[in-house]
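See structure below.
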Amino acid sequence: QSAHRAGLRSFIRYGWRWSWRVAAFVTVFNTVSTGLSVYRNKTTVGNFASAGAFTGALFRMHLGKLLLLCVPWVTCDLSASSSRIPAGGLLMVMQKLAGETLQEMRDRERRELYEQKLAEWQSRLNVTEVLGQTESNAQGEPE
C-alpha cells in the first residue's frame, strides 16, 4: 500500500511536468497532419509520417545546431514518424471498415450542398420568370 501511494504521489508530481509537453506535442502533430490533409485535399499515411517527423524535429530543436548533423536527431525523427505511421494506417483502416473515408464524406457533403444550392437557385429563377410573364401579360392586356 505504501508503494502504491508513493507511485501515485510521484505520478501526480511528475505528471504535471510532462502533461503540458504531451499536450503541446499532440497539438502540433494534429495541426500539421490536418493542415496537410486540407492542403492536399486527401488523407494519406504520408501526412501522418510527415507530421510525426516535423513534430519530432521541432521538439528536438532546443538541443542545438550540432544535433542537426548527428545521427540521434535522425533516429528520433524517424522514431516519431514511424510511431505515427501505424496510428495513421489504423485510422484509415477504421474509416474503410466504416464504409466511408473522411475524404469521401467531405466530397459527398460538398456535392450535396452544391446540388441543394443549385436547386434553390433554379427555383428562384423560375419564380422570377413566372413574375416576368405575369407582368408582361398584365401590361399587354387592354384596360
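Atom set for the values below is all heavy atoms of this structure, side chains included, hydrogens, waters and symmetry mates excluded. Keep in mind it's a predicted model, so treat the numbers as computed, not measured.
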TODO: Working to the nearest 0.5 Å, report the span between NE2 of His4 and CZ of Arg9.
DONE: 11.0 Å

Open item on the list: Taking the basic N atoms (NZ, or NE/NH1/NH2) and the acidic carboxylate oxygens, is any pair closer than 4.0 Å for Arg108 and Glu104?
Closed with: no

Only distances under 3.5 Å count here; give the side-chain donor-acceptor pairs of residues 26-33 to other protein atoms, sequence neighbours excluded, each with its distance to 0.1 Å.
from: Thr27; atom 1: OG1; to: Ala23; atom 2: O; distance (Å): 2.7
from: Asn30; atom 1: ND2; to: Val26; atom 2: O; distance (Å): 3.4
from: Thr31; atom 1: OG1; to: Thr27; atom 2: O; distance (Å): 2.7

- [ ] Give a yes or no on this: more than 12 heavy atoms of other residues, nucleotides or ligands lie within 6.0 Å of atom CZ of Arg5.
- [x] no

Task: Straight-line distance of Lys96 NZ to Met94 CE, nearest 0.5 Å - done: 14.5 Å

Open item on the list: Using only atom types and a distance under 3.5 Å, with no angle test, would you say the side chain of Ser123 pairs donor to acceptor with the backbone of Glu120?
Closed with: yes

Open item on the list: Using every non-hydrogen atom in the two residues, find where Ala51 and Leu36 come nearest and quote the distance to one decimal.
Closed with: N-CD1, 4.5 Å

TODO: Quick one: pull up CZ in Phe48 and CG in Leu90 and give me the separation to the nearest 0.5 Å.
DONE: 10.0 Å

Open item on the list: To the closest 0.5 Å, what do you measure between CG (Leu118) and CZ (Arg111)?
Closed with: 13.5 Å

- [ ] Mind listing the closest non-hydrogen atom pair of Asn47 and Lys42 along with its distance?
- [x] ND2-O, 3.1 Å

Task: Check: Gly7 main-chain N/O paired with Ser10 side-chain donor or acceptor under 3.5 Å - done: yes

